[in-house]
Amino acid sequence: MSISITFPDGAVKQLEAPVTGVEIADGISSGLRRNAVAIVVNGESWDLTREITSDANIDIITRDTDAGLDVLRHDAAHVMAEAVKELYPETQVTIGPSIENGFYYDFAREEAFTPEDLGKIETRMKEIVKRNETIEREVWDRNEAIEYFKGIGELYKAEIISDLPENETITVYRQGEFLDLCRGPHLPSTGVLRDGFKLTKLAGAYWRGDSNNAQLQRIYGTAWSDKKQLKAYLKRMEEAEKRDHRKLGKALDLFHIQDEAPGSVFWHPKGWAIYQTVQQYMGAKQYERGYQEIKTPQVVDISLWEKSGHASKFGDDMFTLSADDRNYAIKPMNCPCHVQVFNQGLKSYRDLPLRLAEFGSCHRNEMSGALHGIMRVRSFVQDDAHIFCTEEQIQEEVKEFIDFLHEVYTDFGFDQVVYKLSTRPEQRVGSDADWDRAEQALEQALNENNLEWELQPGEGAFYGPKIEFSLKDCIGRLWQCGTVQVDFSMPGRLGAEYIAEDGSKQVPVMLHRAILGSLERFLGILIEQHAGALPAWLAPQQVMVATIVTDANDYAQEVANALRNAGMRADVDLRNEKIGYKVREHSLQKIPAILCIGKREAEEGAVAVRRFGSKQQTVMKLEDFIEQFHVEISEKQVTLNNIES
RNA sequence: GCCUGCAUAGCUCAGUAGGUAGAGCAACUGACUUGUAAUCAGUAGGUCGUUGGUUCGAUUCCGACUGCAGGCUCCA
């Protein structure tokens, strides 16, 4: 019987049924056959070897596409599981998906895998690839599958099958002696995986992501279409790790963290200079946008946290202390304090929206395992603000806020932001009608700003929905920085009210919002984004004046003074060292501009300018440099092309 | 908090199959007055994270603790 196969370009071919993806690919070119890993049949991903028996729209997936890599990575996970079962038969397999850049598989085994085991497993994986075992798809009866996996001691697999919806087709993939429950698609044989993979790390992971469950051993790997791609990836990671804010923080003498204060930062002069520049910038921007800055107490009686609901929900993560028979908590957040400020005096609807901002120092006793450099700490400062408004004002305020956030991120050189909308969780306060309106307001604000966003159902806070704005660190991990959250709960709990137009008392809506999130985290990301070479406006040392001979000392000092009088952060290096030595040192410190001063410059009132990232120097009048550099600073010019990563 | 790993000089790291440790850079001293990514010579610097145990002897082996790293969970 002949069937019509429609290709992505619309071309139609009549083929004898049944026909497989392999045969179709082969019919087009041998190259396509070599690079094919799966086939999309009527929108569904299929194995290349699965028989197509009726008319179909098809699209062949090749190994170098995202979809193709996904298949390869998923297969790599299966090959790893096969290798582990061969080497350590007592191990139970659970799940093994493909992920960004690679794959993992979670195993249950009494004995812990060692880093040396990874090498053994990888070697065995290569053998399995070499064996080129055929991978076959089999459709099983549900109960038969459960019994089979129970029978071979794979209790986790049996549990997965039991939990699958009744109508789901149970497919099992067989490669050599190894069988695994899987939806597919998979490669025709293990040989197609080739050698572009590597096992990277061992980790613990809870069964089904629940910390009450057993902890499994997860092995991570990375997989690519070929060895060359793999090497390129490993090289990229190696380069990226050089920008790690913890390394740069030490190398550039910005901050340190020590045992006695885990999760708290000791800021050094240069790091603090950046910190203050950022904070002052934010303060000025907030003022422009109608925020009023306040400051609230650090240590507050526990009763306020009980009223706000934080003590019962987050009590374990709060630092508490007692004095004079009273119990206090070091504030873990600023919101309840801001409500106290709102509550002073009688508020009118005419006062709304009221925007109260604070660079609020907060302390949270985060779990030790959660700490990470200066990105996740126990002591941090939020660029926090709370907007007290009416429900009708929510959408406009949120829209306005998103615009504000973009302006700030652009100034700092960030153009890639990940947006997530988190909606109502199971446990929540407020009526469904309230939630409907709030979620809609956030969604519309996102859409009106033409943003691509991701929905996180059930991830909202108990008091209201929120939008999260995340930035990426140097190795691609996402860190939430900005946020805007609607709160139906706290104003009421803490007695916030305003007099409405009709004279009645009303409870305002409260929007929690932050753009940087925490100054600490934001600086960490900022350092990584620029690989430590901050744009001139943010650089802790903007200009270094370096002398070539001691005869030029007086003039060099004059130059430095002139720069400082022009509001620039300038230092002078009069040390008795060769200019090459000084240039090297200050270049390693990534100072944006080095001004070299020798006899010639001193005589001519000039400076020899060497910009970071350039090997050339330009001699110009001091006034000209000051004018030019001033423009660069005031315009917050970002020169990402200067990064040597 | 959980799993795995790590902790040696200011920094980056080597080392000891158990006999109290070494390099480069930095620091200090001296010489060199220098033209754009390391001038030369010398000096000094460590209870080998803390704490128990095994041992004649522990930085090395074992345990506990603390911290860090990568994950997991959490993130008001």
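All chains are named by letter (A, B, ...) in the order of the sequence lines, taking the proteins before the strands, and each is independently numbered beginning at 1. Just so it is clear, the model here is predicted, and its values are computed rather than measured.
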Considering only [options], which nucleotide approaches the side chain of [X] most closely?
| X | options | result |
| --- | --- | --- |
| A/Thr550 | B/G35, B/U33, B/U4 | B/U33 |
| A/Lys615 | B/A76, B/G35, B/A37 | B/A37 |
| A/Leu371 | B/G71, B/C68, B/G70 | B/C68 |
| A/Arg246 | B/U39, B/G70, B/C11 | B/G70 |
| A/Glu577 | B/U39, B/G71, B/G67 | B/U39 |
| A/Arg584 | B/A38, B/U73, B/G35 | B/A38 |
| A/Tyr206 | B/A37, B/G1, B/G71 | B/G1 |

*asked:* Applying a 4.0 Å non-hydrogen cut-off, can you work out what A/Asp210 is touching in the nucleic acid: base, sugar-phosphate, or nothing?
replied: nothing
*Could you check whether A/Gly580 gets within reach of a base, just the sugar-phosphate, or nothing at all, counting any heavy atom under 4.0 Å?*
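Counting heavy atoms under 4.0 Å across all strands, the contact made by A/Gly580 is with sugar-phosphate only.
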Would you please confirm or rule out a distance under 4.0 Å between OP1 or OP2 of [N] and any side-chain N or O of [X]?
| X | N | answer |
| --- | --- | --- |
| A/Tyr581 | B/A26 | yes |
| A/Lys466 | B/A76 | yes |
| A/Arg610 | B/A37 | yes |
| A/Lys250 | B/U12 | yes |
| A/Arg208 | B/C72 | no |
| A/Arg376 | B/C74 | no |
| A/Ser211 | B/C72 | no |

*Spell out yes or no: do the side chain of A/Glu601 and the base of B/G35 have one donor N/O and one acceptor N/O closer than 3.5 Å?*
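Answer is yes: a donor-acceptor pair is held.
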_Axial cation check for A/Phe314 ring with A/Arg364, 6.0 Å and 45° limits_ =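 That pair does not qualify as a cation-pi contact.
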*May I ask you to establish whether A/Lys590 and A/Phe612 are in a cation-pi arrangement, using a distance under 6.0 Å from NZ or CZ to the six-membered ring centre and at most 45° from the ring axis?*
no
*Would you check if A/Phe629 and A/Val609 make a side-chain contact, meaning some heavy-atom pair closer than 4.5 Å?*
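Of all side-chain heavy-atom pairs linking A/Val609 with A/Phe629, none is under 4.5 Å.
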*Without hydrogens or angle criteria, can the side chains of A/Tyr88 and A/Asp117 be said to hold a donor-acceptor pair below 3.5 Å?*
yes
_Using the C1' atom as the point on both nucleotides, what is the distance between B/G19 and B/A58, in whole Å?_
10 Å
